[in-house]
Amino acid sequence: MRIAILGFGSVGRGIARVLLAKDLGIAVTGLADSKSGIIDAGGIDLAAALARKEGGGPCGNPGVSPADVVAKAKYDVLVEVTPTNVETGEPALGHIREALRRHKHVVTSNKGPIALDYPGLRALAEANGVLLKYEATVCGAIPLIHAMQEGLAGNTISRLYGVFNGTCNYILTRMAAEGLTYEQALAEARELGYAEADPTYDVEGIDAGIKLVILANTILDLSTTLDDVERTGITLLSPEALQLAEDQDCTIRLIGEIIPDAGVLRVSPRIIPKTHPLVVEGTLNAVTVEADLAGDLTFIGKGAGSTETASAVIGDLLYIRERYVKGS
Ligand code: HSE
């Protein structure tokens, strides 16, 4: 199977490293970051592209744009892993639409396009006989979308709540455990590649809010936007507030919640007893789903990180290959 990758940041490089480390039978024939690109039907030398990028350079040739890769490379699946833009979804949205029109499957970790226009993208994918997969948009390595779409098919979900942002969870954990300031902990999360390109998305609860919109619109049959999410971030939380929680054997976590029948979508910091299952550490996410047939299920796993997010992208790619890409 041949793929083209748009985006060579934390997620794109994570995918490249996995493809170099494991023989998955996936060749990369197009690659672009925001400033350069490569098209090579014979397969791109990923190790060389990684070395160039990690040396501070562009991944490829400055004369090749992401749009060139979408239009001219020979590939079965477009892997769109550029940073999220919550206002317009662009430029990713345009690239995804163009790939679908060209009858290419699409796998994305980009929350903007899915939150803003899932119905339109899905209709376009169906009209062109291809798949659109987006497991990596919500909760990093946890296969939550797959579990809800396939494993829990037939269940009615009455409530879904938990920790959806790894960066905030990392910051809250580091502040409570090590007494770091908010600024120090955020700087670490950025350094480690957990935060969004614009980290205000993380700390103001926008990232968690978009993930709720994605789950609401793509799994729970709702039609919501980020404006429907009642949202408070963690920017005003002080080490003293964490200490006060600590004194009561509690801690603070940024919790996202959807109650479909009540029209509730909200993200806010909450004081929770330390023994609660949603009190997870570091970049872990934890989500409890209340389902009528299955009962309560709690999913826990890494919600951010290069390899962890690559895991979700690779899972989607292999799903597509198994079912839809013949002879590769
Ligand atoms: N910045 C996001 C987070 C990445 O910290 O959860 C994964 O969506």
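Both counts, for ligands and for their atoms, begin at 1 and track the order of listing.
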Got a second to check how far C59's SG is from I5's CD1, nearest 0.5 Å? 9.5 Å

Please report whether ligand 1 has a polar contact with G166, defined as an N or O pair separated by less than 3.5 Å (distance criterion only). yes

Just which atoms of ligand 1 are under 4.0 Å from any heavy atom in Y194? 1 (N), 2 (C), 3 (C), 4 (C), 5 (O)

With heavy atoms under 4.0 Å as the rule, classify the contact between D207 and ligand 1 as side chain, backbone, both or neither. side chain

Numbered atoms of ligand 1 (with element) below 4.0 Å of A304, judged on heavy atoms: 3 (C), 4 (C), 5 (O)

Test of understanding: clusters of I, L, V, M, F, W, Y form through side-chain heavy atoms closer than 4.5 Å, transitively. Do F299 and I258 belong to the same one? yes

So, the side chain of T173 versus the backbone of G282: is there a donor-acceptor pair under 3.5 Å, distance only? yes

Could you tell me which atoms of ligand 1, counted from 1 in the order shown, lie closer than 4.0 angstrom to a heavy atom of N165? 2 (C), 3 (C), 5 (O), 6 (O)

SB check K274 E246 (cutoff 4.0 Å): yes

Which atoms of ligand 1 are found less than 4.0 Å from any heavy atom of E196? 1 (N), 2 (C), 4 (C)

Can you name the atoms of ligand 1, numbered from 1 with element, that are less than 4.0 Å from a heavy atom of G303? 6 (O), 7 (C)

When you measure from atom 5 (O) of ligand 1 to every protein heavy atom, which one gives the shortest distance, and what is it? T167 OG1, 2.6 Å

Crowding at CZ, R190 (>12 non-hydrogen neighbours, <6.0 Å): no

Applied to residues 16-27, the salt bridge (Lys or Arg N to Asp or Glu O under 4.0 Å) test, sequence neighbours excluded, yields R17-E54

Looking only at N/O atoms, are K211 and ligand 1 under 3.5 Å apart anywhere? yes

From L284 atom CG to Y170 atom OH, the distance as rounded to the nearest 0.5 Å: 12.5 Å

Which segment of D202 sits under 4.0 Å of ligand 1 when only heavy atoms are counted: side chain

